[in-house]
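So the structure is just underneath, and the comments pick up after that.
The figures here come from the full heavy-atom set of this structure, side chains too, leaving out hydrogens, waters and symmetry mates. Only a predicted model underlies this, so the values are computations on that prediction, with no experimental measurement involved. One is the number of the first residue; the rest follow in order along the sequence.
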Amino acid sequence: NNNRGDIIILDNHMPIKDGISTLKELKNDPKLKNLPVLFLSATTDKEQVVRALELGADDYIAKPFNNDEFIARIRVHLRIDILKKQLYDKNLMLEKMNKEIETEKVKTDRLLFNTLPRKIVEDLKKYGKTEPETFKDVTVFLSDIVSFTKQSSIIEPVILINELNEMFTEFDNIMESNNCERIKTIGDAYLAVCGMPEQNADHAKNIINAAVEILNYLKNRNKKAKIPWFIRIGIHSGNVVGGIVGITKY
C-alpha cells in the first residue's frame with residue numbers, strides 16, 4: 001500500500017504488541033521510519049516515554065489527555081513534517097546543484113590546465129593575476145614542419161587540421177611522459193619546455209629524449225601514412241623570462 005499516511009499515533013498499551021516493540025519495527029521499516037510518531041502513554045509510564053523518545057518518537061501525550069491539546073499536537077507535527085520534507089527537497093536540489101557546479105569546475109579546470117601551465121592557473125585562480133618570472137636552466141624545444149606552407153595549399157583544410165591534431169596529440173603525450181610541457185602551437189610550429197615553471201635538473205636530457213621519440217614516431221608513422229611529414233627541431237638551453245600576456249585572451 002503506497003498510502004502510508006502522514007502521522008502515526010501509537011499507544012503504548014495495546015492488546016497484542018506494546019508500543020515500544022511496535023516503535024522499533026516502525027523505525028526499521030524504510031517506508032515508515034520517517035513518518036512522525038506521536039506516542040501515547042499513561043502518566044505512570046515515565047520510563048517508557050523516555051525509551052520511546054530515545055527510539056525516535058517525535059513527541060508524547062500523557063493519558064488521559066485533553067482532546068483539544070491532542071488535535072493541536074497532531075497539527076504541529078504535521079506542519080513540522082511538511083517543513084522537513086520541504087527542507088529535504090531543498091537539500092536534494094542543493095546537492096544536485098553542487099554536483100553540477102563541481103562538474104563544471106572540473107571541466108573548467110581541465111580546459112585551463114590544457115591551455116596554461118598548472119602554476120600559472122593556480123596563481124590566476126588564487127590572486128587573479130600572475131607575475132612574470134625569470135627561470136634559470138631551462139631547455140626549449142621548437143619544431144616546424146618541412147614544406148608545410150606548400151602542402152597546406154593543396155590539402156583540404158579538414159584533412160590538414162586532422163593531421164596536425166593527430167601528430168600534436170602524440171607530441172603532447174611524448175612531452176608529458178618525459179616531464180616536459182607544451183607551451184603552445186602556432187600553425188605547424190610546436191613549442192615546448194622543460195625546467196619551467198618547475199625546476200628540473202634533467203631539463204636538457206628530457207627535451208632531447210622527447211625529440212628523439214618524436215622523430216621515431218614520425219618515421220614509423222610515415223611508413224603507412226597517406227601524407228608523410230618531416231620536421232625540423234631546434235633545442236636550446238639557458239635562462240628565460242616567462243609570463244602570460246593579455247587580459248581576456250592569454
What pairs with Lys17 under side chain to side chain donor-acceptor pair (under 3.5 Å), at least two apart in sequence or on another chain? Glu25
Heavy-atom count around Tyr88 OH within 6.0 Å, excluding the residue itself: above 12? no
Less than 4.5 Å apart, side chain to side chain, heavy atoms only: is that true for Glu133 and Val241? no
Residues at least two apart in sequence or cross-chain that pass side chain to side chain donor-acceptor pair (under 3.5 Å) with Asp18, listed by chain then number, are Ser21
Taking side chain to side chain donor-acceptor pair (under 3.5 Å) as the cut-off, I'd like each qualifying pair that reaches into residues 141-151, sequence neighbours left out, listed once. Asp144-Arg232
Run the side chain to side chain donor-acceptor pair (under 3.5 Å) test against Arg73 and tell me which residues pass, sequence neighbours left out. Asp59, Glu69
Using every non-hydrogen atom in the two residues, find where Asn178 and Glu213 come nearest and quote the distance to one decimal. ND2-OE2, 3.3 Å
What I'd like to find out is whether the side chain of Glu163 reaches to under 4.5 Å of the side chain of Trp229, using heavy atoms alone. yes
Rounded to the nearest 0.5 Å, what separation is found between the CD1 atom of Ile101 and the CD atom of Glu104? 9.5 Å
Nearest 0.5 angstrom please: Asn91 CG to Asn98 CG, how far? 10.0 Å
Check whether any side-chain heavy atom of Met93 sits under 4.5 Å from a side-chain heavy atom of Asp89, and report yes or no. no
How does the hydrophobic cluster around Leu142 look, that is, which other residues are in it when side-chain heavy atoms under 4.5 Å mark a link? Phe135, Val138, Val140, Ile183, Leu191, Val193, Met196, Val240
Under 3.5 Å: donor-acceptor pair, side chain of Asn165, backbone of Ile161: no
Quick one: pull up CD1 in Ile208 and OG1 in Thr139 and give me the separation to the nearest 0.5 Å. 7.0 Å
Excluding sequence neighbours, so at least two apart, what forms side-chain contact (heavy atoms from CB on, under 4.5 Å) with Glu166? Tyr217, Arg221
Counting only N and O atoms by type, is there a donor-acceptor contact under 3.5 Å from the side chain of Lys27 to the main-chain atoms of Lys33? yes
Check whether any side-chain heavy atom of Leu38 sits under 4.5 Å from a side-chain heavy atom of Ile74, and report yes or no. yes
Does atom NZ of Lys205 have more than 12 heavy-atom neighbours from other groups under 6.0 Å away? no
If only atom types and distance count, is the side chain of Asn239 paired as donor or acceptor with the main-chain N or O of Asp137 below 3.5 Å? yes
I'd like to know if Lys99 and Glu102 make a salt bridge, using a cut-off of under 4.0 Å between side-chain N and carboxylate O. no
For atom CD of Glu156, is the number of surrounding heavy atoms from other residues, nucleotides or ligands below 6.0 Å larger than 12? no
Ignoring hydrogens, what is the shortest heavy-atom contact between Cys194 and His203? Give both atom names and the distance. O-CB, 3.3 Å
Supply the atom-to-atom distance Leu112 CG to Arg110 CZ, rounded to the nearest 0.5 angstrom. 11.5 Å
Rounded to the nearest 0.5 Å, what separation is found between the CD1 atom of Ile145 and the OH atom of Tyr190? 12.0 Å
Just verifying a value: how many Å separate Asn206 CG and Asn200 CG, rounded to the nearest 0.5 Å? 5.0 Å
Only residue of Lys85, Lys84, Arg79 satisfying side-chain hydrogen bond (donor to acceptor under 3.5 Å, both in side chains) with Asp81 is Lys85
